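Basis for what follows: all heavy atoms, side chains included, without hydrogens, waters or symmetry-related copies. Given the structure is predicted, the values throughout are model-derived calculations rather than measurements.
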Amino acid sequence: MNEDEDAVLALLDDEYARAILAHLTIEPMSVDELCTACEMSDATAYRRLNRLQEVDLVTEKQEIDPDGHHYKRYVATVEAVTIAFADGAYKVEVTRSRTDPADRFTDLFEGLS
């Protein structure tokens, strides 16, 4: 098993990381929204988001609110994590989202035309 697989499994063992991933499969969220939804502190959310980004399970995108302020929203980049056991070993496979969030937005916009 490699370090990335170890990191993914360690994160999935963490209840806050799982809660963040679950909520981000619904819609992109800011840290404040995640803190409310997952009942966690800002510091906890930022630590988990950093770890989730390190193993590419979450990505961030910049948003601009109506007042012109910039803030980040986070998006899950994972659809599934599979652990297979065979021949005295195990393998972790991460299935990523099919398209980048920007590509999904473009597809949605083009579908409206």
Side-chain angles (χ1 to χ4, degrees):
M1 193 157 109
N2 66 41
E3 286 183 28
D4 287 342
E5 292 175 339
D6 283 337
V8 169
L9 288 178
L11 275 169
L12 295 178
D13 188 41
D14 182 272
E15 67 180 291
Y16 290 119
R18 289 191 311 269
I20 288 170
L21 284 172
H23 283 285
L24 292 180
T25 62
I26 300 168
E27 64 181 337
M29 299 177 88
S30 68
V31 169
D32 288 342
E33 292 168 330
L34 284 168
C35 288
T36 300
C38 301
E39 298 179 2
M40 68 180 80
S41 70
D42 285 2
T44 299
Y46 280 112
R47 276 194 303 274
R48 294 325 186 278
L49 286 165
N50 285 337
R51 290 178 60 203
L52 288 163
Q53 285 181 295
E54 288 172 2
V55 293
D56 198 28
L57 297 180
V58 167
T59 190
E60 64 185 44
K61 61 181 184 173
Q62 287 288 331
E63 297 277 334
I64 301 174
D65 67 19
D67 296 331
H69 296 100
H70 292 82
Y71 65 98
K72 294 178 185 175
R73 291 181 82 83
Y74 295 86
V75 180
T77 60
V78 61
E79 288 184 2
V81 176
T82 307
I83 305 169
F85 296 90
D87 299 322
Y90 60 97
K91 180 179 177 170
V92 177
E93 183 177 325
V94 178
T95 304
R96 309 270 179 221
S97 299
R98 286 186 262 285
T99 58
D100 180 271
D103 293 337
R104 287 196 304 257
F105 178 77
T106 302
D107 293 344
L108 175 68
F109 183 75
E110 288 174 351
L112 296 174
S113 310

Those residues that, when tested against [X], pass side-chain contact (heavy atoms from CB on, under 4.5 Å) (two or more places apart):
X: Ile83; answer: Leu9, Phe85, Tyr90, Val92
X: Ala43; answer: Ser41, Arg47
X: Asp32; answer: Ser30, Asp42

side-chain hydrogen bond (donor to acceptor under 3.5 Å, both in side chains) involving Asp14 - partner list, sequence neighbours excluded: Arg48

The single option from Asp6, Val8, Val78 passing side chain to side chain contact (heavy atoms under 4.5 Å, CB included) against Val55: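 In the set Asp6, Val8, Val78, the residue that makes a side chain to side chain contact (heavy atoms under 4.5 Å, CB included) with Val55 is Val8.
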
Any pair counted as side chain to side chain donor-acceptor pair (under 3.5 Å), so long as it reaches residues 16-29, sequence neighbours left out: none

Nearest atoms (heavy-atom pairs only) where Ala45 meets Val31: CB-CG1, 4.0 Å

Nearest non-hydrogen partners of Met29 and Ala37, listed with the distance: CE-CB, 3.9 Å

Distance (rounded to the nearest 0.5 Å) between Leu57 CG and Ser97 OG: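 Going from CG on Leu57 over to OG on Ser97, the span is 10.0 Å.
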
Enclosure of Glu39 CD (heavy-atom neighbours >12, cutoff 6.0 Å):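 Incorrect, the count does not exceed 12.
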
Residues Leu49, Leu34; criterion side-chain contact (heavy atoms from CB on, under 4.5 Å); working and verdict: CA-CA 10 Å; Leu49 286 165; Leu34 284 168; 4.0 Å; yes

Name all residues meeting the salt bridge (Lys or Arg N to Asp or Glu O under 4.0 Å) criterion together with [X]; count only those two or more places apart in sequence or in a different chain, and write none if there are none.
X: Glu93; value: none
X: Asp56; value: Arg96
X: Arg51; value: none
X: Glu60; value: Lys72

Check: residues 64-71 side-chain donor-acceptor pairs under 3.5 Å, at least two apart:
| residue | atom | partner | partner atom | Å |
| --- | --- | --- | --- | --- |
| Asp65 | OD1 | Asp67 | N | 3.0 |
| Asp65 | OD1 | Gly68 | N | 3.0 |
| Asp65 | OD1 | His69 | N | 2.9 |

